[in-house]
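Shown next, in C-alpha cells, is the structure this report addresses.
Here is how names work: the chains are called A, B, and so on, in the same order as the sequence lines, proteins then strands, and each is numbered from 1.
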Amino acid sequence: MGFLEETAREVLEFTTNAVFSERYARRDGLLQRIDPRVKVVSLVVIVATVVSLERIDLILAFYFLALALAVLSRLPVIEFTKRVWVFIPIFTGVIALPSIFMIPGEPAFHLFGLTASREGIRWAVLFTLRVATAVSYAILFTMTSRWNDIVSALASFRIPGMVITITTLTYRYIFLLAKLLLDAMHARRARLAGELGMVESWKEAGKHIGATFIKANALGEDLYYAMLSRGYANEIEPLREFKAGKVDYAFSAFTVLLVVLTFAFTRGLL
Amino acid sequence: MHIPDGYLGPYTCAFFYLIMIPIWYKAFRWLKNLKPSQVPLLGVLTAFAFLVMMYNMPVPGGTTAHIVGGTIIAILISPWAATVSLSIVLLIQALFFGDGGITTYAANVFNMGVVLPFVGYYTYKFLSERFKLNEVISAGIGAYIGIVTAATVAGIELGIQPYIQPGYCPYPLRVSVPAMAIAHLVTAGPAAAVVTAAVVWYVKKSRPDLFAMRTIARG
Amino acid sequence: MKVYELRNVSYRYPTGEWALRGISMEVERGETLAIVGPNGAGKTTLLKLMDALVMPTEGEILFEGKLITEDTMTDKEFRRKVGFLFQNPDVMLFSATVLEDVAFGPVHLWGKERGLKRAREELRRLGIEKLADRHPYSLSGGEKKKASIACVTAMEPEVLLLDEPTRDLDLRNRNFVLDMIRSWKGERKTVVVVTHDLRLIRLADRVYVVNKEILFEGTPRELFSRPELIERANLDVPEIVRLFHELGINEIPLSVGEAVEILRGLLQR
Amino acid sequence: MKVYELRNVSYRYPTGEWALRGISMEVERGETLAIVGPNGAGKTTLLKLMDALVMPTEGEILFEGKLITEDTMTDKEFRRKVGFLFQNPDVMLFSATVLEDVAFGPVHLWGKERGLKRAREELRRLGIEKLADRHPYSLSGGEKKKASIACVTAMEPEVLLLDEPTRDLDLRNRNFVLDMIRSWKGERKTVVVVTHDLRLIRLADRVYVVNKEILFEGTPRELFSRPELIERANLDVPEIVRLFHELGINEIPLSVGEAVEILRGLLQR
C-alpha cells in the first residue's frame with residue numbers, strides 16, 4: 001500500500017504545483033509578457049548553452065541571471081530557489097559526492113582514509129551548479145507560462161495537430177484520473193486491516209492500474225461522442241494566436257546576444 | 001531512468017535529437033491509422049501512462065527507477081502509440097516536474113519511449129506467438145526485459161560521457177551500466193513485470209473486447 | 001412539423017446485448033418531451049441515436065423528414081441544429097480553459113474569430129464569464145454543469161437533447177437548469193430530456209416511459225394517474241400525488257401550487 | 001457512550017483551500033446521524049477524517065475516547081469497527097470478481113479461509129450470491145451499489161460511514177438501501193450518513209447542516225421547520241412540508257403517512 005499512497009501523494013503534489021504555476025503565470029511580470037514561442041526557443045537555447053559550459057564563473061553568472069529574471073517576473077525568490085534545489089534530485093548529490101574522492105588529482109583533504117582531490121571538488125561543484133542552473137531556467141519557464149499557451153506555442157512549431165490534441169487531452173485527464181486513483185486508494189485503505197506485503201502491493205497496484213485503464217477507456221469513448229456531437233473532425237485547434245511585440249523582439253535579441261557573447265568569451269574571441 | 005540536464009554532454013544530446021527526428025516522423029505518421037474515435041482514447045490513455053509513471057524510487061549511482069507504462073500501451077494498442085504517449089508524458093514531466101531535462105529530452109524519449117516499448121512488445125509477441133506462452137506471463141516477461149534493456153541503454157549513455165567529454169556524468173561504463181541495470185533487475189523490473197502482467201490479465205478477463213481493438217489500430 | 005421520427009428502431013451493443021427494441025416515436029417541433037425509465041433502460045442510447053453518434057442496428061430515424069445515415073455524423077448543419085448535453089460534464093470539458101471548451105463547437109462551425117466571439121457572448125449570457133480562463137479541473141459541480149450548457153448553447157441549436165441535466169446538482173444549480181429549460185420552452189425550441197427528476201417531468205408536454213421498449217406515451221398527468229406504470233418504470237411517485245391517492249382525492253396535482261388550491265377548496269367546504 | 005468526538009477540526013486541501021473549519025461534533029453510540037449541506041461543503045472530507053483516511057490540519061478527533069493518529073490508519077481493530085461506503089462504487093470494486101472484492105477486507109482481518117467464507121455468507125445475506133463470480137465492470141448501477149455494501153458489511157462493522165448511499169439509484173435500489181439502513185438502526189449500529197435524500201434525512205435521529213462549518217444541529221423536524229436554514233443549506237424543502245407551510249398548517253409532517261393523518265383530521269372537522 002505504501003506504493004499506492006506514495007503515488008497518490010505525488011499526484012497531489014503535482015496538481016498543487018500546476019495550480020501554483022498558473023497562479024504565478026497570471027502575474028504581470030517580464031517573462032509572463034513574452035510570447036510563449038519566444039520563451040520556448042529561448043529556454044531551449046539558454047539551457048543548451050548552460051549545459052555546454054565548462055567554467056564555473058560563467059555558469060554562476062547564468063544562475064544569477066535566472067534569479068534576476070525571477071525577480072523581474074515577480075516570482076517569490078525564496079520559493080523559486082527552494083523549488084530549484086528541491087527539484088535537484090537527491091541522486092545528483094549521490095553522484096557528486098563520491099566523485100570528489102574518485103577523480104584523481106591533487107589531494108585537497110582526507111576523510112575516513114579517503115583522499116579528496118581538487119579536481120574532484122571542482123568537478124562536483126561544476127556538475128551540481130550546472131544541473132541547478134539548467135533546472136532554474138526550466139522552472140522559470142513553467143512558473144511564468146500557462147499550459148494552454150505552451151500547447152499553442154507547440155502547435156505553431158508545426159507539430160501535427162493530432163499530437164497537440166492528444167497533449168491537450170492528456171493534461172486535462174491527468175487530473176481526473178488522479179482523483180479516481182486517489183479515491184480508489186482510499187477505498188482500499190478503508191478496508192485494509194494492517195499492511196500489504198510487497199508482492200501483494202504490486203498485484204494490488206496492477207489491479208488499480210487495470211481498473212484505471214478500463215475507466216480511462218470508457219472515458220475515452222464518451223469523450224469521443226461528446227466531441228463528435230460538437231463537430232469534432234479529428235483535431236482540437238488551439239485558439240490562442242500570438243503576435244510578437246517589442247518586448248518579444250527585445251528578449252529574442254537579448255537571448256541571441258547572450259549566447260553569442262558567451263561563446264565568443266569561451267572560445268577566447270573576447 | 002529520467003536523465004536530467006547536465007548529465008549528458010552536448011554531443012550526446014544532439015545525437016539523440018537527430019536519432020529521434022525520423023522516429024517521431026514515423027510515429028506521427030502512424031497516428032493517421034487511428035480511427036477518429038481512437039484519438040481521444042489515446043489522449044486519455046496517455047494521461048493514464050503519466051499516472052503509472054508517477055512513482056519514483058531513487059537508485060544509488062543512477063538516476064531514478066520506476067514503472068513505465070510503455071509496455072502496457074504497446075501491448076494494448078501498439079508500440080508506436082507508446083512512443084507518442086511517452087513523448088508527451090516526458091514533455092509534461094520535463095516542463096512541470098523537473099523530472100528529466102530539456103537537453104536530454106530526446107535521449108529520455110529514446111530510452112523510455114522507443115527502446116522500452118519496442119523491446120517489451122516484441123518480447124511479448126515472440127513469447128506468446130512462437131512459444132505459445134501464456135499471454136499474461138509473456139507480458140510480464142516483456143515488461144521486465146523492456147525496462148531492463150532501456151535502463152541498460154541509459155547506463156551506456158551515461159557511461160560513455162567520460163570518454164567523449166569530461167565534466168558530465170563522471171562514471172565510466174563499468175560503473176554506470178551495472179548501477180542502472182542491477183537497480184532495474186532487482187527493483188523496478190520485477191515491479192513492472194508484476195504490474196504489467198496483472199493489467200493484461202485484468203483487461204483480458206474483464207474487457208476482452210479491448211484486446212480486439214489492437215487489430216483495428218494496427219490496421 | 002415532425003423533428004424526429006423513429007421507425008421500429010433497435011440497437012444492440014457491441015457486446016451483443018440489446019439496448020433498445022422496436023422503438024417507434026415522434027417528436028414535434030417546439031415540444032418538450034421527457035423520457036423516463038429505470039437504470040439501464042437504454043435511454044442514453046436513445047439520445048445518442050437521435051444525435052447520430054451511433055447508428056441503429058435495425059429500423060430508421062428521420063430528422064426533419066430526412067433519413068439519418070453515417071454521413072449525418074459529420075454533417076455541419078445537423079451538428080449546429082442539434083445540441084447534446086451529456087450527463088457527465090467531465091467529458092464535455094476537455095480543453096485547458098472553459099473558453100476553449102465553449103468555443104470548440106462554434107469554431108468548428110464558423111471559424112476561429114466568430115467562434116470565439118460567440119463563445120464569449122454565451123459565457124456572458126449565462127453569467128459565467130468569470131470562468132472563461134479557468135481550468136475545468138478547478139470548477140465545482142454546478143460550475144461544470146453551467147460551462148457544459150454553454151458549450152451546447154453557444155452553437156445556437158434548435159433541438160436540445162439533455163441527458164439527466166439536473167442529476168448531481170444541489171437545489172440552486174438545479175433551479176438554474178430548470179429555468180434554462182423553461183426559457184427554451186418559451187423560445188419554442190424542441191427539447192428531449194432523459195430524467196428521473198419529477199420537477200423536470202412536470203415541465204414536459206409529453207412523456208415516454210422506456211425500458212428497452214416503449215411502455216407508455218402520454219402527458220405527465222396521465223402518467224401520474226397510473227401508479228402501476230410508475231412502479232414498472234421504477235420511478236418515485238411524487239409525494240403530493242401519493243398524498244392525494246391516500247386521501248382518496250381523484251384529482252392529480254402537478255405542483256405544490258395546484259395541490260394547495262385543491263386542498264384549500266376542500267378544507268373550506 | 002460517544003463513538004466520535006471532533007474538537008475544533010479543520011482541514012486544508014493541498015491546494016491551500018480550506019475544506020472544513022472549526023468543526024466540533026459528537027456522535028453517540030447507536031444513533032443515526034445525517035450530515036447535509038450544499039455541493040463542495042466538505043462533507044465527504046468529514047467522513048474521510050472520521051475514517052482516518054486523512055488527518056486533520058488542525059484540531060483532534062477521538063474515536064471511542066482515543067485520539068485518532070497516523071497509526072490509526074493501519075490499525076486492524078479500527079478498520080474492522082468502522083466501515084466506509086464510498087459514493088462511487090467504481091472506486092470500491094476493481095478486482096476480477098465481486099467475491100474477491102467483498103473478501104478483500106475479511107481476508108486481511110481473519111485470513112484467507114475464514115475471510116472467503118465470510119464474504120460468501122454476506123453475499124448470500126444480501127441476496128446477491130449470483131454476482132459472486134461476475135466481474136464488477138459488467139454490473140448495473142444497482143448491483144454495483146449492493147456489491148459495494150457487501151464489501152463494507154462483510155467486515156461486520158459497528159460504525160457505518162455512508163457517503164450519499166442513495167444517489168444515482170432508481171426507486172427499487174434506493175428502497176433496498178433505505179431498508180438496509182433501517183435494519184442497521186434496528187441493530188443499534190452507529191450510522192453517519194452524508195446525503196441530499198430527504199427520505200434518508202427523515203430516518204436520522206439527528207442532523208448537522210454543514211457548509212465548511214456547522215450551521216445547524218438538531219432533529220429532522222426542527223430542520224424542516226426552518227425554511228431559511230434549508231435554503232442556506234441549499235436543500236430541497238420536501239413537497240409535503242411546503243404544502244403544509246402554504247396551507248398555513250403548523251405541524252411538520254415527516255412522511256406521507258403523517259401528512260395523511262393530519263389532513264384527514266382537518267378534513268373531517
Side-chain angles (χ1 to χ4, degrees), chain A residues 3 6-7 10-11 14 17-18 21 43-44 47-48 51-52 54 87 89-91 94-95 99 103 123 126-127 130-131 134-135 138-139 141-142 150 160 162-163 165-167 169-171 173-174 177-178 181 199 202-203 205-207 209-210 212-214 216-217 219-221 223-224 227 234, chain B residues 4-7 9-10 13 28 31 34 36-37 39-48 50-52 54-56 58-64 72 76 84-85 88-89 91-92 94-98 101-103 167-171 190-191 194-199 201-203 206-207 210:
Chain A
F3 164 52
E6 191 65 34
T7 305
E10 292 249 0
V11 167
F14 169 70
N17 282 338
S21 304
L43 168 78
V44 173
V47 172
V51 166
S52 59
E54 290 184 352
F87 266 145
I90 309 159
F91 13 88
V94 176
I95 285 195
S99 65
I103 293 179
W123 180 86
L126 174 71
F127 178 74
R130 190 155 52 198
V131 172
V135 170
I139 289 178
F141 177 77
T142 27
I150 298 175
M162 240 192 251
V163 178
T165 301
I166 295 169
T167 309
L169 296 178
T170 301
Y171 184 73
Y173 289 103
I174 285 171
L177 291 178
L181 192 71
V199 175
W202 289 348
K203 279 192 197 156
K207 278 194 230 160
I209 294 171
T212 310
F213 176 81
I214 288 180
N217 205 75
L219 189 64
E221 266 169 45
L223 179 60
Y224 165 65
M227 287 166 73
N234 248 346
Chain B
D5 281 320
Y7 281 56
C13 296
F28 293 169
L31 281 180
L34 287 174
S37 64
V39 177
L41 181 64
L42 191 55
V44 179
L45 291 187
T46 304
F48 159 80
F50 183 97
L51 283 186
V52 170
M54 289 295 299
Y55 180 63
N56 283 310
V59 177
T63 51
T64 40
I72 299 175
L76 292 172
V84 175
S85 278
I88 293 169
V89 168
L91 181 76
I92 296 177
L95 288 181
F96 274 91
F97 260 90
I102 289 152
T103 52
Y168 298 93
C169 183
Y171 301 101
V194 173
V195 169
T196 306
V199 170
W201 169 76
Y202 184 85
V203 174
S206 51
R207 283 293 300 273
L210 292 185

query = Which pair of heavy atoms, one from A/V131 and one from B/D5, lies closest together, and at what distance?
reply =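 In this case the closest contact between A/V131 and B/D5 is CG2-O, 3.4 Å.
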Does the side chain of [X] reach to within under 4.5 Å of the side chain of [Y], using non-hydrogen atoms?
| X | Y | result |
| --- | --- | --- |
| A/Y173 | A/L223 | yes |
| B/L41 | A/Y224 | no |
| B/F50 | B/I88 | no |
| B/T46 | A/L169 | no |

Side chain, backbone, both or neither: which part of [X] has a heavy atom under 4.5 Å from chain A?
| X | result |
| --- | --- |
| B/L31 | both |
| B/L42 | both |
| B/F48 | both |

message = Under a 4.5 Å cutoff for heavy-atom pairs, which residue among B/G6, B/P190, B/P40, B/G9 has the most contacts with chain A?
response = B/P40
Contact leader toward chain B among A/V47, A/L219, A/L126, A/V51, where contacts are heavy-atom pairs under 4.5 Å = A/V51
